[in-house]
Amino acid sequence: MKALIDGQLVPIPFNFNTIAQLFPKEMANRLINALLSEFPFNKKVPILKLRESRSKVLQYLAEYVYEKVFLHYTEKQWGVRPEDLDPLTGRVPIFVGRDNRYFQAKYQGIPLQGYTAMFEKMLDHPNITVLLNTKFT
């Protein structure tokens, strides 16, 4: 998945590649080293955990990700600030590594013709009736 941040398409979840793309080299190295000094490589770290860090560098990164990714997305998607929702944004991770995938499962895939075609085929089954604009009782 990618997000548009400051005019650049960057990998989400936030990871070392995202950091290297968005920040000047020296600052990116400082952020990456701070992550590695506090968290294991190839692990996901929730934003709330970064916010709780004593490291000012990691607190800065947590606020940056919160502001640039989750605040405006949540406001646009749900019409409320993240604080007014379940603490989901606090569980959204930064990945301590260079893997751009959201999930690190060994096997991953998407339908060959995409999800729309897959659902159209499923809904075309004779045992399924699709009712639109129908009151639920």
Side-chain angles (χ1 to χ4, degrees):
M1 177 168 38
K2 295 211 177 206
L4 186 62
I5 298 177
D6 296 336
Q8 296 185 65
L9 273 178
V10 296
I12 299 293
F14 238 74
N15 61 47
F16 293 175
N17 297 325
T18 315
I19 292 169
Q21 193 174 335
L22 288 172
F23 295 98
K25 187 174 182 172
E26 186 177 307
M27 185 173 188
N29 287 338
R30 203 169 342 130
L31 291 166
I32 289 168
N33 289 332
L35 282 166
L36 288 170
S37 71
E38 221 169 293
F39 303 103
F41 184 70
N42 276 348
K43 296 292 179 189
K44 293 178 181 176
V45 179
I47 291 175
L48 281 182
K49 190 122 176 121
L50 285 184
R51 280 181 154 176
E52 295 168 357
S53 173
R54 289 190 176 147
S55 165
K56 296 292 183 199
V57 173
L58 293 181
Q59 289 174 4
Y60 168 81
L61 181 59
E63 292 307 315
Y64 181 90
V65 173
Y66 173 82
E67 170 74 26
K68 298 289 185 172
V69 179
F70 302 105
L71 173 63
H72 301 295
Y73 170 81
T74 303
E75 288 176 334
K76 181 179 176 183
Q77 180 74 15
W78 302 105
V80 296
R81 293 183 56 81
E83 294 82 9
D84 299 330
L85 293 173
D86 177 90
L88 174 65
T89 54
R91 294 191 301 264
V92 173
I94 290 178
F95 188 72
V96 182
R98 295 200 175 275
D99 193 335
N100 290 339
R101 300 172 301 164
Y102 202 85
F103 299 104
Q104 282 68 43
K106 184 175 180 180
Y107 300 104
Q108 298 184 43
I110 59 171
L112 192 58
Q113 270 74 47
Y115 287 101
T116 300
M118 180 184 83
F119 280 101
E120 286 173 344
K121 188 174 180 180
M122 287 170 45
L123 294 173
D124 195 36
H125 191 278
N127 291 342
I128 296 177
T129 303
V130 177
L131 302 172
L132 302 175
N133 300 317
T134 304
K135 290 187 178 187
F136 177 77
T137 53

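To the nearest 0.5 Å, atoms NZ (Lys44) and CD1 (Ile94) are separated by 12.5 Å. For the atom pair Met27 CE and Tyr60 OH, the distance stands at 3.5 Å (nearest 0.5 Å). Note that NZ of Lys49 is 11.5 Å distant from CG of Leu58, once rounded to the nearest 0.5 Å. The distance from the CD1 atom of Ile19 to the CG atom of Leu61 is 5.0 Å, given to the nearest 0.5 Å.
For Phe95 against Pro13, the heavy-atom pair with the smallest separation is CB-CG, 4.5 Å. Contact detail for Ile5 and Lys68: the closest heavy-atom pair is CG2-CB, 4.0 Å. Residues Ile32 and Arg98 come closest through the heavy atom pair CD1-NH2, 4.2 Å. Across all non-hydrogen atoms, the minimal contact from Arg101 to Ala105 is NH1-O, 3.4 Å.
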Problem - Derivation and outcome, side-chain contact (heavy atoms from CB on, under 4.5 Å), residues Leu36 and Phe16 - result: CA-CA 10 Å; Leu36 288 170; Phe16 293 175; 3.9 Å; yes
Exercise for the section: Assess whether side-chain contact (heavy atoms from CB on, under 4.5 Å) is satisfied between Lys121 and Met118, documenting all intermediate values. Expected result: CA-CA 5 Å; Lys121 188 174 180 180; Met118 180 184 83; 6.0 Å; no
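Between Phe14 and Tyr64, the angle of the ring planes goes over 60°, which puts this pair in the perpendicular group of the 30/60° scheme.
Neither side chain, Glu38 nor Ser55, offers a donor N or O lying under 3.5 Å from an acceptor on the other. Using modelled atom types, one finds no donor on one side chain facing an acceptor on the other under 3.5 Å when comparing Asn15 with Asp99.
A chain of hydrophobic side-chain contacts below 4.5 Å, direct or via other Ile, Leu, Val, Met, Phe, Trp or Tyr residues, connects Met1 to Leu22. Taking hydrophobic clusters as Ile, Leu, Val, Met, Phe, Trp and Tyr residues chained together by side-chain heavy-atom distances below 4.5 Å, Leu50 shares a cluster with Phe41. Linking ILVMFWY residues whenever their side-chain heavy atoms come closer than 4.5 Å, directly or via other members, leaves Phe119 and Leu131 in distinct clusters. No single ILVMFWY cluster, assembled from side-chain heavy atoms under 4.5 Å apart, contains both Leu112 and Leu123.
Side chain of Ser53 to main chain of Arg51: no donor-acceptor pair is present (N/O by atom type, distance under 3.5 Å, no hydrogens or angles). Proximity of a side-chain donor or acceptor of Thr18 to a complementary backbone N or O of Val10 within less than 3.5 Å is not detected.
Annotation for Gln108: atom CD counts as buried by contact number, over 12 foreign heavy atoms lying within 6.0 Å.
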